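Structure first, then comments.
As the structure is a prediction and not an experimental result, all values here were calculated from the model. A note on names: the letters A, B, ... follow the listed sequences, proteins ahead of strands, and every chain is numbered from 1.
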Number of protein chains: 4
Amino acid sequence: MIKPTPRRERERQQHIRHILDVAESIFAKEGFFRATMRQIAQKAEFALGTIYSYFGSKRQLYEKVIETKVNKLVDSVTKEMAETPSVQGKLEKFIHTKMTFLHKNLFFLRLYLAEVDVPRLDISHSLPKKVHEKYDSMLCVLTDVIWRGIQKGVFKPMDARVVTKALDGLTNALALSWLNSAEAHPSLETDINTITELFLNGALVHQEPTQNSNDRKEICNES
Amino acid sequence: MIKPTPRRERERQQHIRHILDVAESIFAKEGFFRATMRQIAQKAEFALGTIYSYFGSKRQLYEKVIETKVNKLVDSVTKEMAETPSVQGKLEKFIHTKMTFLHKNLFFLRLYLAEVDVPRLDISHSLPKKVHEKYDSMLCVLTDVIWRGIQKGVFKPMDARVVTKALDGLTNALALSWLNSAEAHPSLETDINTITELFLNGALVHQEPTQNSNDRKEICNES
Amino acid sequence: MIKPTPRRERERQQHIRHILDVAESIFAKEGFFRATMRQIAQKAEFALGTIYSYFGSKRQLYEKVIETKVNKLVDSVTKEMAETPSVQGKLEKFIHTKMTFLHKNLFFLRLYLAEVDVPRLDISHSLPKKVHEKYDSMLCVLTDVIWRGIQKGVFKPMDARVVTKALDGLTNALALSWLNSAEAHPSLETDINTITELFLNGALVHQEPTQNSNDRKEICNES
Amino acid sequence: MIKPTPRRERERQQHIRHILDVAESIFAKEGFFRATMRQIAQKAEFALGTIYSYFGSKRQLYEKVIETKVNKLVDSVTKEMAETPSVQGKLEKFIHTKMTFLHKNLFFLRLYLAEVDVPRLDISHSLPKKVHEKYDSMLCVLTDVIWRGIQKGVFKPMDARVVTKALDGLTNALALSWLNSAEAHPSLETDINTITELFLNGALVHQEPTQNSNDRKEICNES
DNA sequence: GATGAATGAGGCTTCATTCAT
DNA sequence: TATGAATGAAGCCTCATTCAT
């Protein structure tokens, strides 16, 4: 009555992880609505009822998949940012870590952005609060960094929250474009560099107009 | 057999437009899967069969909704860009026109980005070619503008296609953030200005020509 | 109020015949259930409503098609039989005329035998009485011929009604086999001869066993 | 995953048989198109979905019904024929066994002959190959018997395949006539005898070796 | 706990038929 | 009288969920 057997508990955790992995791959391929519980059960090599005994409903399973992913994303991004001291470095880490994660979890972005939030525009958040709070916590860190950057005069004075949205969205959007592009996965590193440069310095050439496009002395000396 | 009847034809077009409008609102609120044809028929005040006589299937109705919207967006964006001579002005027009459109058609973005493209990542494009081609035509114009800007030395030398994706994505992303934000519609103009400024000049304050990201002398003085 | 215009009436009859022809071909290809009124209307180049103004309902149209065909079949068979004096000749005419008709109207047999009579076994006859009466009138003639043949000692003493069924069924069945056989239309004449010979003389060799199968003196001297 | 459970399997087979029986009766009464899956489910006292879990679709259920029946028919007919040594005896067995089976399964004939094969005359066989092959295997046996009979001089030299079609059709046709006849089931044995006699010896009285059909001396004395 | 057969609400779609023009 | 857009009942099928074993 006291301990539910440590082995039992260990197995249980293993099964949960296994099912989550399988569910992730199915949801990724089919989307929430087209995916069926039977499909998931079969690929996971469990009975239908077993899936239900672990996760209650399709919806809950789905939310758990998302939550797990968001947690991983947020944890790795915030960890990386914390380990870097400079404001600019933190920003670069944000871009780099998040895009790398999305590149490895392409489908997830779509799931997160799209199907889940479809309902009632007014209610807006249909994913469990926990998930949104987690994701928002990452954005808060980012906003804070930007805000401090502005205070220090590193960044121009802008609405930090808008900039956060822009940067978060910018990375999401590029990842989405990977999904849609017929081309095989394009070069991650190139995209990261372009985004970073764009975000930090903008598209315009400053000071005097450069002579011609072959002339890249002071700009192209990176990587 | 004899006359195509002008009045009949006019009514037909009216009905089609009406149904498309209704369908748009339902799909927007519910998403493709949750929306039902009966819902749409009822709100359009037509019999179920009538909807089917105009659009062969739920899928086709959905695609027509998307196609109509994409056409409107692309047409207004390209028109605005064409009417502006300078490269920088064209870019500003792109941002302004697209974001204004999305602001008035929030839901549409989600539809376009999300559910439709869920299936088979390898097949990639499940919307009718026409739609993608239309949208791509807009992106092509944008890429061309950027490329010419680079040639003229107005923009830094970057991969024009990546920049296109970034700018397109940036605008999408901000619009998405409107959807998700609990706040009532935030100020459109402010966001447009921020994005434009950000895209053109970047976030960094320019004290001297930016070094590359390895150069972190004066910024690293925080905990 | 007195004459509905002779031209009008003539046209009307023409339209009816045209629609019946088209309906026949559609029903033949698709069967009663798969055929749609729209299909028929389109092929007939009339509006849907026009078809209904002529025939009231799909069912009635169908029945009219069948009735027309049955009338043609019965009329030509009875006419041919009437024109032949001998009992045996009448039988041969029956077989020949009916099978030739079926060969040219393959589909019809299936329609007549199958779909129409599907319902309630107890009610049995779902085609209008008229049709059955017409067909039965042909069978009556046949029964009568057989009966008289028996009286005259030309035919063995058998239940004339059973023999009628057998002969009628035999011809139907062979025609059905044409429908189902993958082979292109097999030789009509050969089948007619075989059936006729079989019906009149049976399969058995009489008197003493013939020597071998190459020996066909007194049997194969026909045609 | 572990045991296929013998009891479960037994129940499963029972359910399948039960549903097939019910479906058979409904299809028989209503025909393929008029029958509804709900009807079948209700009469079988299962939920609609259960029927679908056993047979994937209405069509497949229908085909299974036919297949099961054809198998029974063919197996019993070939078994009976195999157990009889003489050629003539085999033929009599064929007629007797098949007609007895059809008498007990009247509706089946209609199903087999009719609705199923309605579509595209060119494609011809829309029932699963298996069914046609099974039925053809029976006809092959029959053809073979007839052919051997011809070799032995028991039967007249005729095209064995046409004779097969004729005999097969003859039995089908008589059974069909049972369906259509308002009379209660007529005497099976009488019909079998008549058919057998007719097939073996023909309808004509044999006074002398039959002449061919041009010879009509003593018959033509009627009006 | 694990299993998977059974359930049945609910969605998409078809098509005979009507009726205003 | 001819037209064909509109109607809506009814059918097939899916799939999340339950529950007896």
Side-chain angles (χ1 to χ4, degrees), chain A residues 4-5 8 11-12 15 33-42 46-61, chain B residues 1-5 7-9 11-12 15 33-42 45-59 61, chain C residues 4-5 8 11-12 15 33-42 45-61, chain D residues 1-5 7-9 11-12 15 33-42 45-61:
Chain A
T5 319
R8 278 287 175 89
E11 276 184 13
R12 190 184 157 77
H15 290 173
F33 289 100
R34 264 189 278 264
T36 72
M37 291 299 267
R38 196 173 299 277
Q39 243 179 112
I40 294 171
Q42 263 164 11
F46 279 109
L48 251 183
T50 308
I51 310 286
Y52 276 88
S53 79
Y54 280 121
F55 295 96
S57 77
K58 185 186 184 184
R59 183 78 209 183
Q60 283 171 56
L61 171 56
Chain B
M1 282 307 106
I2 306 165
K3 320 162 255 182
T5 321
R7 183 181 52 71
R8 276 286 174 88
E9 184 54 22
E11 275 185 14
R12 188 185 160 77
H15 291 172
F33 289 102
R34 259 188 284 262
T36 74
M37 290 299 268
R38 195 172 299 277
Q39 241 180 113
I40 293 171
Q42 266 163 9
E45 303 188 85
F46 277 110
L48 200 44
T50 308
I51 310 290
Y52 278 90
S53 80
Y54 280 115
F55 310 87
S57 72
K58 186 185 184 183
R59 182 75 205 189
L61 171 56
Chain C
T5 318
R8 277 287 175 90
E11 275 185 14
R12 190 183 158 77
H15 291 174
F33 288 101
R34 263 188 280 262
T36 73
M37 291 300 267
R38 195 173 300 277
Q39 243 179 110
I40 293 170
Q42 264 163 10
E45 296 180 292
F46 279 109
L48 251 183
T50 308
I51 310 286
Y52 276 88
S53 79
Y54 280 121
F55 296 96
S57 78
K58 185 186 185 183
R59 184 77 208 184
Q60 282 170 56
L61 171 56
Chain D
M1 286 303 107
I2 306 166
K3 318 162 257 178
T5 321
R7 185 182 51 72
R8 277 284 173 91
E9 184 55 22
E11 275 184 13
R12 187 184 161 77
H15 292 171
F33 289 102
R34 258 187 286 263
T36 74
M37 290 301 266
R38 196 172 299 277
Q39 238 181 115
I40 293 171
Q42 265 162 10
E45 303 187 84
F46 277 111
L48 198 46
T50 307
I51 310 290
Y52 278 91
S53 80
Y54 281 115
F55 310 87
S57 72
K58 186 185 185 184
R59 182 77 204 188
Q60 280 172 60
L61 172 56

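Between D/H15 and E/dA6 there is a side-chain polar atom (N or O) within less than 4.0 angstrom of OP1 or OP2.
Set against F/dT7, E/dG4, F/dT3, the side chain of C/F46 has F/dT3 as its closest nucleotide. Nearest to the side-chain atoms of C/L48 among the listed nucleotides F/dA2, F/dA16, E/dT17 stands E/dT17. Comparing atom distances between the B/R38 side chain and each of E/dT13, F/dT3, F/dC13 picks out E/dT13 as nearest. With F/dG11, E/dT7, E/dA16 as the choices, the nucleotide that has an atom nearest any side-chain atom of D/T36 turns out to be F/dG11.
Mapping B/I51 and A/Y52 onto DNA chain F by nearest heavy atom places B/I51 closer to the 5' end of the strand. For the pair A/G49 and C/S57, nearest-nucleotide mapping onto DNA chain E gives the more 5' position to A/G49. Looking at which nucleotide of DNA chain F each of D/A35 and B/E11 is closest to, the 5′-most match is held by B/E11.
Note on B/T50: a base of the nucleic acid sits closer than 4.0 angstrom, heavy atoms only. Among the protein residues, B/Y54 comes within range of the sugar-phosphate backbone only, with heavy atoms under 4.0 Å from sugar or phosphate atoms but none that close to a base. Using a 4.0 Å heavy-atom cutoff across all strands shown, D/A41 reaches no nucleic acid atom at all.
Contact record, A/A41 with A/I51: CB-CG1, 3.8 Å, taken as the closest heavy-atom pair. A/R34 and A/Q39 make their closest contact through O-NE2, 3.7 Å (heavy atoms, listed as atom of the first residue, atom of the second, distance). The shortest non-hydrogen separation linking B/Y52 to B/M37 is OH-CG, 3.3 Å.
Rounded to an integer number of Å, the gap from CZ of C/R34 to P of F/dG11 is 17 Å. The CZ-C1' distance, from A/F55 to F/dA16, rounds to 16 Å in whole Å. F/dT18 atom P lies 15 Å from atom NZ of A/K58, rounded to whole Å. Residue A/L61 contributes atom CG, which lies 11 Å from atom P of F/dA16 at whole-angstrom precision. One interatomic measurement links the two molecules: CZ of D/R8 to C1' of E/dG4, which rounds to 6 Å at whole-angstrom precision. In this structure, CD of C/Q60 is placed 11 Å from P of E/dT18, rounded to the nearest angstrom. Rounded to whole Å, atom P of F/dA20 lies 21 Å from atom CZ of D/R12. Atom P of nucleotide E/dG10 and atom CE of B/M37 are separated by 19 Å, given to the nearest angstrom.
Nucleotide E/dT17 has F/dA6 as its partner under the Watson-Crick or G-U criteria, with both atom distances under 3.5 Å.
In this structure, CZ in A/F46 is found 4.0 Å from NE2 in A/H15, a value given to the nearest 0.5 Å.
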*Go through D/R12 and D/E9 one step at a time and tell me if the side-chain contact (heavy atoms from CB on, under 4.5 Å) criterion holds.*
CA-CA 5 Å; D/R12 187 184 161 77; D/E9 184 55 22; 3.7 Å; yes

